[in-house]
Amino acid sequence: MNTPVDLAEALSSFDEPWSPRTVALLNDYDVRVVKTRGEFTRHSHPDTDEFFLVLRGSLTIRMDSGDVTLGPGQMYVVPRGVPHQPVSVDGADVVLIEPSETVNTGDTPSELTAERRTL
């Protein structure tokens with residue numbers, strides 16, 4: 001991955017919501033793009049924070065302490081161990097940064113658990 005990454009092109013290469021694709025490596029972290037639509041599994045990541053950056057659309061991150069709603073160009077970091085549930089009624093394109101071994105559903109495997117895929 002020694003060439004520039006076109007995020008719009010990466011996102012146009014797949015249609016499945018909640019199925020992140022790794023577009024770059026940053027030390028031991030994946031930079032991932034994901035299309036969101038509807039409700040995701042409520043989960044947490046006991047060992048790592050989770051970075052969300054919305055490129056298009058709107059994403060709400062439901063947490064016990066209150067919801068955080070992000071629009072294009074806005075980012076938020078969910079602290080490690082905090083239960084959260086991403087939700088996007090109309091869909092959103094999002095960048096995630098997390099350790100490469102991180103499973104998208106964290107400590108709560110579900111039908112939305114995705115294998116690590118690299119573009």
Side-chain angles (χ1 to χ4, degrees):
M1 294 186 205
N2 294 326
T3 60
V5 175
D6 183 319
L7 296 177
E9 184 178 307
L11 283 156
S12 71
S13 71
F14 64 97
D15 292 321
E16 306 90 356
W18 307 116
S19 185
R21 303 300 199 272
T22 299
V23 295
L25 299 175
L26 176 69
N27 298 315
D28 297 331
Y29 285 73
D30 282 8
V31 178
R32 299 172 177 168
V33 293
V34 64
K35 292 182 178 190
T36 66
R37 180 170 296 280
E39 295 186 352
F40 192 63
T41 303
R42 180 176 163 86
H43 66 285
S44 68
H45 301 279
D47 300 321
T48 187
D49 300 336
E50 188 169 17
F51 173 94
F52 291 84
L53 169 63
V54 174
L55 301 174
R56 181 197 62 78
S58 177
L59 179 75
T60 298
I61 303 170
R62 294 179 182 158
M63 296 176 288
D64 294 341
S65 61
D67 295 352
V68 173
T69 300
L70 306 172
Q74 294 183 311
M75 53 135 312
Y76 184 77
V77 176
V78 176
R80 75 183 66 212
V82 172
H84 58 285
Q85 180 185 27
V87 177
S88 181
V89 174
D90 297 319
D93 294 341
V94 178
V95 173
L96 306 170
I97 300 176
E98 51 200 359
S100 297
E101 71 275 358
T102 300
V103 176
N104 66 328
T105 52
D107 61 355
T108 312
S110 76
E111 68 279 354
L112 295 175
T113 300
E115 290 183 26
R116 182 175 182 258
R117 295 188 207 170
T118 303
L119 290 180

What pair of heavy atoms forms the shortest contact from [X] to [Y], and how long is it?
X      : Y     : value
Arg37  : Gly91 : NH1-N, 4.0 Å
Pro72  : Arg56 : CG-CA, 4.3 Å
Gly81  : Pro83 : O-CD, 3.3 Å
Phe14  : Val33 : CZ-O, 3.9 Å
Ala114 : Pro20 : CB-CD, 4.1 Å
Asp49  : Arg80 : OD1-N, 2.8 Å

Atom pair [atom1]/[atom2] of [X] and [Y] - distance to nearest 0.5 Å:
X     : Y      : atom1 : atom2 : value
Glu50 : Asn104 : CD    : CG    : 8.5 Å
Asp93 : Leu55  : CG    : CG    : 6.5 Å
Thr69 : Ile61  : OG1   : CD1   : 8.5 Å
Leu96 : Thr102 : CG    : OG1   : 10.0 Å
Gln74 : Phe52  : CD    : CZ    : 14.0 Å

Exercise. Are more than 12 heavy atoms from other residues, nucleotides or ligands located less than 6.0 Å from atom CG of Asp6?
Worked result: yes
Exercise. Counting only heavy atoms not in Phe51, do more than 12 sit closer than 6.0 Å to its CZ atom?
Worked result: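 Enclosed.
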Can you see whether [X] engages [Y] through a side-chain donor-acceptor pair at a distance of less than 3.5 angstrom?
X     : Y      : answer
Asp28 : Ser100 : no
Thr41 : Thr108 : no
Thr60 : Asp67  : no
Gln85 : Arg62  : yes

Side-chain heavy-atom pair [X], [Y] within 4.5 angstrom cut-off:
X     : Y      : answer
Arg21 : Thr118 : no
Val31 : Val95  : yes
Pro86 : Leu59  : yes
Met75 : Val54  : no

Exercise. Do Thr36 side-chain atoms and Ser88 backbone N/O form a donor-acceptor pair below 3.5 Å?
Worked result: no
Problem set entry | Check ion pair Lys35-Glu16 (N to O, under 4.0 angstrom) |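 No, no charged N to carboxylate O under 4.0 Å.
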Are [Y] and [X] co-members of a hydrophobic cluster defined by side-chain heavy atoms under 4.5 Å apart?
X      : Y     : value
Val82  : Phe40 : yes
Leu112 : Val78 : yes
Ile97  : Val94 : no
Leu70  : Val77 : no

Exercise. For the residue pair His45 and His84, does the interplanar ring angle fall in the parallel (under 30°), tilted (30 to 60°) or perpendicular (over 60°) class?
Worked result: tilted
For this session: Determine, step by step, whether Arg42 and Asp107 satisfy the salt bridge (Lys or Arg N to Asp or Glu O under 4.0 Å) criterion, reporting the C-alpha distance in whole Å, the side-chain angles of both residues, the deciding distance to 0.1 Å, and the verdict.
Result: CA-CA 9 Å; Arg42 180 176 163 86; Asp107 61 355; over 6 Å; no
